Amino acid sequence: MTITAKLQELTVDAVKELYEIEISPQDVLINQTRREFEGEYSIVVFPFVKAARRKPEDVGTAIGKVIKTNSSIVADFNVVKGFLNISLTSEVWTSFLKKSSQDEDYGFAFPSGRKVMVEYSSPNTNKPLHLGHIRNNLLGHSVSEILKACGHQVVKTQIINDRGIHICKSMLAWQRYGDGETPESSGLKGDHLIGKYYVKFNTVLKEQKAAIGPDAKDDDTEIMQATREMLIQWEQGDDAVLKLWKKMNGWVYDGFNETYARLGVEFDKNYFESKTYLEGKTMVQAGLDKGIFYKEDDGSVWCDLEDVGLDKKIVQRSDGTSVYMTQDLGTARLRYEEFGSDGMVYVVGNEQDYHFKVLFEILKKLEEPYAEQLHHLSYGMVNLPEGKMKSREGTVVDADDLMDEVIQEARIAAQERSEEAVDDENIQNVGLSALKFFILKVSPKKTIVFDPKASVDLQGHTGPYIQNAYVRIQSILRKSGMLDMSLTGEYTEFQDAEKHILVALHEYPRIIQAAGAAYDPAIVANFCYDLAKLYHKFYHDCRILTAESDAAKSFRLNLSQLTAHALKNGCSLLGIEMPERM
RNA sequence: GGCUUUGUAGCUCAACUGGAUAGAGCACUUGACUACGAAUCAAGAGGUUGCAGGUUCGAGUCCUGCCAAGGUCACCA
């Protein structure tokens with residue numbers, strides 16, 4: 001049982017004893033005592049004041065006395081206004097420390113038996129990944145790891161949008177202008193090579209439109225007609241087209257996989273739109289049969305969602321082909337049938353908020369068994385200081401370039417310090433931690449203003465700042481030799497800096513739970529930063545290896561070790577690794 | 001226009017979900033490396049939490065109305 005839970009229980013008993021009022025532990029609000037007062041935890045007594053019919057100060061004092069008498073964990077208390085500040089005995093803290101400090105997974109929960117599926121990334125296959133995908137990938141990966149730390153079994157997945165007109169555009173351009181170019185022959189990463197031809201397509205399209213006249217539409221052009229022709233051939237299973245499609249998609253996947261690997265994200269299972277949309281069509285037909293959907297005169301199929309405050313939504317075109325919604329219906333069911341998840345999380349930008357609202361409502365109407373357990377993790381766009389990224393203006397920040405940049409910055413910083421030769425792996429580690437932390441520290445819902453200069457900062461509220469705290473601890477632990485914990489319990493006179501770390505560490509498991517419940521990595525990110533900050537302060541204020549007593553040394557080494565474990569496993573939830581040196 | 005999200009220091013972000021005098025970092029000024037790693041620490045300055053009402057012991061947080069910015073309202077994905 002946690003200390004705060006114990007305090008809640010004690011308060012419930014005290015209130016009952018004093019005023020004969022029944023309250024539940026959840027009604028007892030406990031927060032950390034502000035720095036300027038004595039104590040570690042504060043009980044807010046305002047809620048009981050009215051029923052007790054006493055002044056807040058009197059209620060606080062009365063509860064404080066009872067709690068102190070009834071338990072051995074409270075050393076002292078004081079009351080300021082309606083806040084009852086509790087000082088716990090040193091024994092409470094040293095036993096917590098001894099119990100937890102050997103656990104490398106301290107903070108992680110026991111298995112819950114729940115299985116959750118997380119979908120993220122799902123990029124278009126005609127362009128390389130950019131900054132927006134980086135946010136998506138980091139969020140998806142991090143939320144997955146957080147849910148694992150909450151004890152759930154997690155399956156990471158993505159839907160690959162591998163069919164449609166957009167693929168044909170790159171294919172056609174490559175066929176006409178590629179001259180047999182391959183990733184090997186050009187030295188270009190596969191996704192960048194495809195991107196090059198997608199751009200080429202659009203250039204030619206623009207030229208042809210200009211040649212026709214000011215009112216020309218895409219479909220008026222020869223190249224667009226040729227592309228549509230190619231799509232038809234694809235749907236008819238034309239050998240040559242399918243072969244080209246497979247080859248070029250292969251290049252893209254190779255390119256993506258390289259970027260994923262470097263970013264440290266991965267997937268347990270990929271779904272391909274080309275294979276799921278048929279299941280969607282089956283569901284549409286079933287919905288029609290059951291009268292959940294209806295057919296317009298032109299043959300298109302719709303779902304009326306006005307009873308749940310939404311509009312009518314098309315689920316199948318008049319020509320019988322599927323729309324975006326159709327394949328999402330099919331994908332959801334296939335996933336459920338294959339994995340039997342208790343929940344599905346879709347990591348997709350907030351521009352699709354409405355789409356997911358509709359999707360979830362339709363699945364409810366279809367009475368899919370998993371329909372109530374779906375969650376859209378909606379996140380904000382990533383903008384540059386100058387505004388939105390625009391491919392037309394060439395302001396899109398490429399994912400691979402960006403990683404190169406932050407790593408280069410870390411390399412320069414390492415060379416300036418040049419204390420010991422730091423290997424390349426560590427440099428990458430540090431650079432990527434700057435980038436990842438910069439993005440994950442912001443709550444998903446919010447729009448990010450991405451300043452490239454700030455993202456490569458290695459000081460202050462950054463990933464490397466946290467890594468530095470960890471590296472300092474490792475350095476100390478290396479020098480300390482064998483960890484002798486036996487005297488930890490004899491240390492009783494805590495410094496403020498020590499107490500603050502203890503409280504933070506004790507809160508850590510709750511932080512992970514909160515982050516999981518809210519699907520919010522920023523909660524973990526900011527906790528790690530706060531903990532690192534507390535440790536830096538402690539490191540500055542207290543001697544560790546040359547502590548004033550053996551008990552103090554033992555305690556501080558223990559404290560350092562547990563801090564290191566929390567920093568390491570906490571940052572691992574963000575995809576950030578801790579180096580031993582930097 | 002309807003729906004929706006967001007407005008907190010010059011800038012980038014927090015605020016334990018209704019609790020104490022709203023906190024960090026960057027930038028700026030200043031101090032600390034002959035103590036375990038200065039990617040650090042300390043100090044200073046910086047605020048009418050978009051505006052106006054309301055709810056109560058108590059509001060950045062909740063309710064209402066405005067203002068501003070983004071998103072979305074396709075037989076695109």
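Chain letters run A, B, ... following the sequence lines, proteins first, then strands; residues in each count from 1. Treat the numbers as computed from the prediction; the structure is a model and nothing was measured.
A/P47 comes within contact range of at least one nucleobase, with a heavy-atom separation under 4.0 Å. Using a 4.0 Å heavy-atom distance criterion, A/N85 is classed as a base contact. Residue A/N31 is in base contact, counting any heavy-atom pair closer than 4.0 Å across all strands shown.
A distance cut-off of 5.5 Å between ring centres, combined with a plane angle under 30°, places A/F46 in a stacking arrangement with the base of B/rG19. The aromatic ring of A/Y529 is not stacked on the base of B/rA24, since the criterion of ring centres less than 5.5 Å apart with planes inclined by under 30° is not met.
B/rA69: Watson-Crick or G-U partner is B/rU5, with both key distances under 3.5 Å. Under the Watson-Crick or G-U wobble criterion, with both distances below 3.5 Å, B/rC28 is paired with B/rG44.
For the segment residues 446-456 of chain A, residues with any heavy atom less than 4.0 angstrom from an atom of RNA chain B are, sorted by number, A/K446, A/T447, A/I448, A/V449.
Taking atom P on both nucleotides, B/rG70 is separated from B/rA77 by 27 Å, rounded to a whole Å. Taking atom C1' in both B/rG10 and B/rC3, one finds a spacing of 35 Å when rounded to whole Å. A gap of 6 Å separates the C1' atoms of B/rC33 and B/rA38, to the nearest Å.
In this model, the phosphate group of B/rG37 is approached by a side-chain N or O of A/K479 to a distance below 4.0 Å at OP1 or OP2. Distances shown here put every side-chain N or O of A/R581 at or beyond 4.0 Å from the OP1 or OP2 atom of B/rA39. Applying the 4.0 Å criterion to OP1 and OP2 of B/rG23, one finds that A/R35 has every side-chain N and O outside that range. One finds a side-chain N or O of A/S443 lying less than 4.0 angstrom from the OP1 or OP2 phosphate oxygen of B/rA14. A/K81 has a side-chain polar atom (N or O) that falls below the 4.0 Å cut-off from OP1 or OP2 of B/rU21.
Relative to the ring axis of A/Y379, A/R135 does not place its NZ or CZ within 45° and under 6.0 Å from the centre.
When ring centroids are compared, A/Y529 and A/Y465 come within the 6.0 Å threshold.
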